[in-house]
Q: 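What follows is a single structure, and I will ask about it in a moment.
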Protein chains: 2
Amino acid sequence: MSSTDRAAGPRTITEVATIAGLSAHTLRYYERIGLLDPVPRVHGGQRRYGAGDLAWLAFVQRLRATGMPIRDMRRFAELRREGDHTIGERRELLERHRTEVLARIAELERDLTAVTGKITTYRNLETAHDPRQPDA
Amino acid sequence: MSSTDRAAGPRTITEVATIAGLSAHTLRYYERIGLLDPVPRVHGGQRRYGAGDLAWLAFVQRLRATGMPIRDMRRFAELRREGDHTIGERRELLERHRTEVLARIAELERDLTAVTGKITTYRNLETAHDPRQPDA
DNA sequence: GTACGGGTTCGAGCACGCTCAAACGCAAGG
DNA sequence: CCTTGCGTTTGAGCGTGCTCGAACCCGTAC
């Protein structure tokens, strides 16, 4: 093994985009806004993403998927860069986010009952007006 | 009691905004884009929202809260205007939405485990580096 | 050399869902 | 009559999170 891992060496932006399900545009955008650390370049300026970059990106995607605003993810990334002494603050940020997501889930479940109720109402109306199966 | 109900007569836009937790701006916007039917006006052009408008608005808010795009809500409103023969289509629209919301909830729960896991990791790091309660 | 494939930067543009400013109307009170 | 308060319309602007186009660079194959 050389200076880089063999089995999972540095990836090009297109590879990472494919793996992550994002566009190369979005990856550059994430880096630009400080969500991703500056990615190492090879001679010529092309990015090569390491395993750490991929792991961080995957976590970032979880945060996005759970609705964390980019502002907060940037803050989180910034804390990461500052080192271990920010771990407490990072945990608190995640805990606040977790609380919000749980609240969001509860809200969705609550409001969904109204939708489900309406569906039921419509089903009843349909069988009433369109009695395909009248009292046997 | 005049020509209007006493207990729950027509409401001004400000009243409805307060009740619904929306701004008057947003109510006019919803009407403009066809989410709300044209609201009846008094002499002078001011809107007066009836009980039916309020009920519909409340349902619209449920749809919004569960993440239905405005495009789809407009479609739903349009079907409503077309009359009873669109009930089947309306139900299908709601059922599709319901499926999506359930998927969204599942996704949130799944991705939240990554967040929870990270919180746990951080907690362990903290107690390791900052042993406020070493082995008693 | 030149063409090609893949990458780069920079800045503009877009979709969504509001949000607001400006200019105006109307009715009631003093 | 004039002010005050509440409302109206029209159209512009905004915050978020991408998304894309244009111009350019680099290394390899022919």
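Letters A, B, ... mirror the listed sequences (proteins, then strands); counts begin at 1.
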Q: Are the side chain of B:D53 and the backbone N or O of B:G50 linked by a donor-acceptor pair below 3.5 Å?
A: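 Checking the backbone N and O of B:G50 against the side chain of B:D53, a donor-acceptor pair under 3.5 Å is found.
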
Q: A:I13 near the nucleic acid: base, sugar-phosphate alone, or nothing, with a heavy-atom cut-off under 4.0 Å?
A: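 Sugar-phosphate: the residue A:I13, judged by heavy atoms under 4.0 Å, touches backbone atoms but no base.
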
Q: Among residues 21-31 of chain B, which residues get a heavy atom nearer than 4.0 Å to DNA chain D?
A: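 DNA chain D contact set from residues 21-31 of chain B: B:R28.
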
Q: Fit a plane to each ring of B:F76 and B:W56, take the angle between them on a 0 to 90° scale, and name the class: parallel (under 30°), tilted (30 to 60°) or perpendicular (over 60°).
A: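 Plane angle under 30°, so parallel.
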
Q: Looking only at heavy atoms, which two atoms of B:A77 and B:G34 are closest? And how far apart?
A: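 Nearest pair, atom of B:A77 first, then B:G34: CB-O, 3.6 Å.
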
Q: Would you mind writing out the side-chain donor-acceptor pairs for residues 66-73 of chain B within the sub-3.5 Å range, not counting sequence neighbours?
A:
from  : atom 1 : to    : atom 2 : distance (Å)
B:T66 : OG1    : B:R62 : O      : 2.8
B:T66 : OG1    : B:L63 : O      : 2.9
B:T66 : OG1    : B:H97 : NE2    : 2.8

Q: Is any NZ, NE, NH1 or NH2 atom of the basic residue among A:R90 and A:E82 found under 4.0 Å from an Asp or Glu carboxylate oxygen of the other?
A: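 No, A:R90 and A:E82 are not salt-bridged.
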
Q: What is the separation between atom CZ on B:R41 and atom P on C:dC26, rounded to the nearest whole Å?
A: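 Roughly 14 Å, once rounded to whole Å.
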
Q: With the threshold set at 4.0 Å, does a side-chain nitrogen-carboxylate oxygen contact exist between B:E78 and B:R81?
A: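 Salt bridge: no.
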
Q: If you restrict it to nitrogen or oxygen atoms, what contacts under 3.5 Å exist between nucleotides 27-30 of chain C and the protein, and what is each distance?
A:
from   : atom 1 : to    : atom 2 : distance (Å)
C:dA27 : OP1    : B:H43 : NE2    : 2.8

Q: Where along residues 105-114 of chain A does a heavy atom fall under 4.0 Å from DNA chain D?
A: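 None - not one residue of the stretch has a heavy atom sitting under 4.0 Å from the strand.
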
Q: Please determine whether a side-chain nitrogen of the Lys or Arg among B:E95 and A:R123 lies less than 4.0 Å from a carboxylate oxygen of the Asp or Glu.
A: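 Yes, B:E95 and A:R123 are salt-bridged.
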
Q: Give the minimum heavy-atom separation between A:I13 and A:A24, together with the two atoms involved.
A: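 Answer, listing the atom of A:I13 first, then A:A24: CD1-O, 3.7 Å.
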
Q: Which residue lies toward the 5' end of DNA chain D, B:E15 or B:R32, if each is placed at its nearest nucleotide?
A: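 Per heavy-atom nearest nucleotide, the more 5' residue is B:E15.
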
Q: Please check if the side chain of A:E31 supplies one atom and the backbone of A:V39 the other of a donor-acceptor pair under 3.5 Å.
A: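 Checked: pair present.
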
Q: Under 4.5 Å between side-chain heavy atoms, counting indirect links through other Ile/Leu/Val/Met/Phe/Trp/Tyr residues: same cluster for B:L22 and B:I19 or not?
A: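 No.
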
Q: Please step through side chain to side chain contact (heavy atoms under 4.5 Å, CB included) for the pair A:R98 and A:L94, ending with a clear verdict.
A: CA-CA 6 Å; A:R98 181 165 185 276; A:L94 292 185; over 6 Å; no

Q: So, the side chain of B:T86 versus the backbone of B:E89: is there a donor-acceptor pair under 3.5 Å, distance only?
A: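 Answer holds: no.
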
Q: In whole Å, I'd like the distance from the CZ atom of B:R71 to the P atom of C:dA15.
A: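 Result: 11 Å.
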
Q: Tell me which nucleotide among C:dG7, C:dC20, C:dA12 gets nearest to the side chain of A:Q46.
A: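 Selected nucleotide (nearest to the side chain): C:dG7.
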
Q: Does anything in residues 58-69 of chain A come within less than 4.0 Å of DNA chain C? Heavy atoms only, and list the residues if so.
A: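 Residues of residues 58-69 of chain A under 4.0 Å from DNA chain C: none.
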
Q: With rounding to the nearest 0.5 Å, note down the distance linking OG1 in B:T12 to CZ in B:R47.
A: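 Atom-to-atom, B:T12:OG1 and B:R47:CZ are 11.5 Å apart.
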
Q: Which whole-number value in Å describes the distance from B:I33 CD1 to C:dT19 C1'?
A: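 Result: 13 Å.
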
Q: Taking atom CG of A:L36 and atom OH of A:Y49, what is their separation to the nearest 0.5 Å?
A: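 The distance works out to 6.5 Å.
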
Q: Do you know which two heavy atoms are closest between A:A20 and A:L57, and how far apart they sit?
A: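 Of all heavy-atom pairs spanning A:A20 and A:L57, the closest is CB-CD2, 3.7 Å.
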
Q: Under 4.0 Å from a heavy atom of chain B: give me the 5'-most and 3'-most nucleotides of DNA chain D that qualify.
A: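 So the outermost contacting nucleotides come out as D:dC6 to D:dG11.
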
Q: Could B:E107 and B:R104 be called an ion pair, given the rule that one side-chain N must be under 4.0 Å from one carboxylate O?
A: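 Looking at B:E107 and B:R104, the cut-off is met.
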
